[in-house]
Amino acid sequence: MKVLLIGSGGREHALAWKMAQSPRLEKLYVAPGNGGTALVAENIALDVTDHAAVTRFCQTEAIDLVVVGPEAPLVAGLADDLRAAGFDVFGPSKAAAQLEGSKAFTKVLCDEMNIPTAGYGRFDSLEPALAYVRVQGAPIVIKADGLAAGKGVTVAMTLEEAEAALVDCFSGSFGAAGAEVVIEEFLEGEEVSIFAICDGERFVTLASAQDHKRAYDNDEGPNTGGMGAYSPAAVMTPELLTEVERNIIAPTVKGMVQRGTPFQGVLYAGLILTAEGPKLIEYNARFGDPECQVLMLRLKSDVIEILEASAKGDMTGIVPDWQDDVALTVVMAAKGYPGSYAKGTPIHQADAQNSADVQVFHAGTARDGEMLRANGGRVLNVTALGGTTADAQAKAYEALDRIDWADGFCRRDIGWRAIAREHKNA
Ligand code: AMP
Ligand code: GLY
């Protein structure tokens, strides 16, 4: 089978690494890819916003399956155009990707299908939005409606912060994405991610994972795309998972069918485990990054079989098999991230750590002859398997400390919630 994978993050290196192990894979292209995907696939400099060019490439190379990693091409309708040209695609249509592309769309679906989520209001101008937060009080959450590269959400602990976030949104800080704002009730509880692979009608949930969104230790500092993750998240018990499948995932899949826009791809549910049970805070229409990295390290099944079944619209009989071990990944980011940072700084020994239970997935890296250079904010994902979260964490940091990159930083406490739980139960 010939596969084209779209994207250039750590998520795509993990997917490419796992696909490369499939006996069914004949050829893997990654567009545009990074310094890590170059080790397991052929990187292709395709402009993924040019759908005609991507379609031509698939025709010329007789591609059997296209896997779309990030949200932007999905929301732009790349999957629709490729399907119209007759290709099997893993990733939802433009209409179904609205689950990620519009917070208001998801809120309306939750209302229609009775899906537990935070209470909310929707506004398209400043004054009524300000009036609403003054009545509701803080803490409260302000969300730009559209895609804002993970920067459109403000968890306001004070009324002043909430008002400033609204002024910011409506003054055009997020462009069109901020023309509408969703204001949400602040939910108290632990956050966890669940991934469901859907074929339009059916779904299978994958292992659970927990991300670390804040830039610095102790969950301090600005929000980022994610600084580390681990799987499984023991806080997501089998009972809670059943509840999430029944009350959140199943009605979402059904609601999308009823609207005539079935969801085919991976549905990533961001949940908060509140005292009243799990509640949805967001949907994404793609794998989490870095959550995908820990899932791929634990997955025993052939990932191509799973992605292809979704793309072909029939997941009957697909039951993913997982290693019992915990996988944990630590993100090494360029100093300054998520603010401004330098590009092009040299990295040594990044790939020297790989072993049976350690894999360094690349995100923002590029090869410059023999040299590896940083080429983005989040740069490496040092990922390890261990019998416990503490064990996986120790192995990940041991490998990370052997990487020689003067311009990088990482959090030192990835997995702390699970490790505290392990200590308590020991
Ligand atoms: P999102 O981009 O929707 O994932 O939001 C970014 C982060 O804001 C989430 O990971 C949560 O930590 C936090 N957040 C979002 N919505 C809520 C909410 N309703 N209550 C509390 N925290 C939230
Ligand atoms: N790790 C969070 C995300 O992929 O959105």
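Whatever order the structure lists ligands and atoms in, that order sets their numbers, starting from 1. Not measured: the values here are computed from a predicted model.
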Trainee: If you measure from CG on Asp219 to CG on Asp413, what distance do you get to the nearest 0.5 Å?
Mentor: 6.5 Å

Trainee: Taking side chain as C-beta onward, heavy atoms only, is Thr252 less than 4.5 Å from Phe263?
Mentor: no

Trainee: Are any of the N/O atoms on Val141, whether in the backbone or the side chain, positioned under 3.5 angstrom from an N/O atom of ligand 1?
Mentor: no

Trainee: Taking only heavy atoms of Lys103, which atoms of ligand 1 are found under 4.0 Å from at least one of them?
Mentor: 2 (O), 3 (O)

Trainee: Run the numbers for me: atoms of ligand 1, each under 4.0 Å from some heavy atom of Glu191, listed by number.
Mentor: 9 (C), 10 (O), 11 (C), 12 (O)

Trainee: Only heavy atoms of Glu282, strictly under 4.0 Å: list the atoms of ligand 1 that pass.
Mentor: 1 (P), 2 (O), 3 (O), 4 (O)

Trainee: With distance as the sole criterion, is a donor-acceptor pair present between the side chains of Ser301 and Asp321 under 3.5 Å?
Mentor: no

Trainee: Quick check on contacts: which atoms of ligand 1 are under 4.0 angstrom from a heavy atom of Lys143?
Mentor: 3 (O), 15 (C), 16 (N)

Trainee: For residues Ser8 and Asn34, is any side-chain donor paired with an opposing acceptor at under 3.5 Å?
Mentor: no

Trainee: So between Leu280, Asp211, Val153, Val155, whose heavy atom ends up nearest atom 6 (C) of ligand 1?
Mentor: Val153

Trainee: What residues form a side-chain contact (heavy atoms from CB on, under 4.5 Å) with Glu100, not counting sequence neighbours?
Mentor: Glu71, Leu147, Asn284, Ala285, Arg286

Trainee: Side chains of Gln258 and Glu112 only: does a donor on one sit below 3.5 Å from an acceptor on the other?
Mentor: no

Trainee: So Glu163 and Arg134, salt bridge (charged side-chain N to carboxylate O under 4.0 Å, His left out) or not? Walk me through it.
Mentor: CA-CA 9 Å; Glu163 291 178 355; Arg134 284 171 194 148; 2.9 Å; yes

Trainee: Compile the protein residues with any heavy atom at a distance under 4.0 Å from an atom of ligand 2; present them by chain, then by number.
Mentor: Asp211, Lys213, Gly225, Tyr268, Arg286, Gly288, Asp289, Pro290, Glu291

Trainee: For the residue pair Thr383 and Gln293, confirm or rule out a side-chain donor-acceptor distance under 3.5 Å.
Mentor: no

Trainee: Output the list of atoms in ligand 1 that are nearer than 4.0 Å to some heavy atom of Glu185, sorted by atom number.
Mentor: 18 (C), 19 (N), 20 (N)

Trainee: Give me the ring orientation class for Phe195 and Tyr268: parallel if the planes are under 30° apart, tilted from 30 to 60°, perpendicular past 60°.
Mentor: tilted

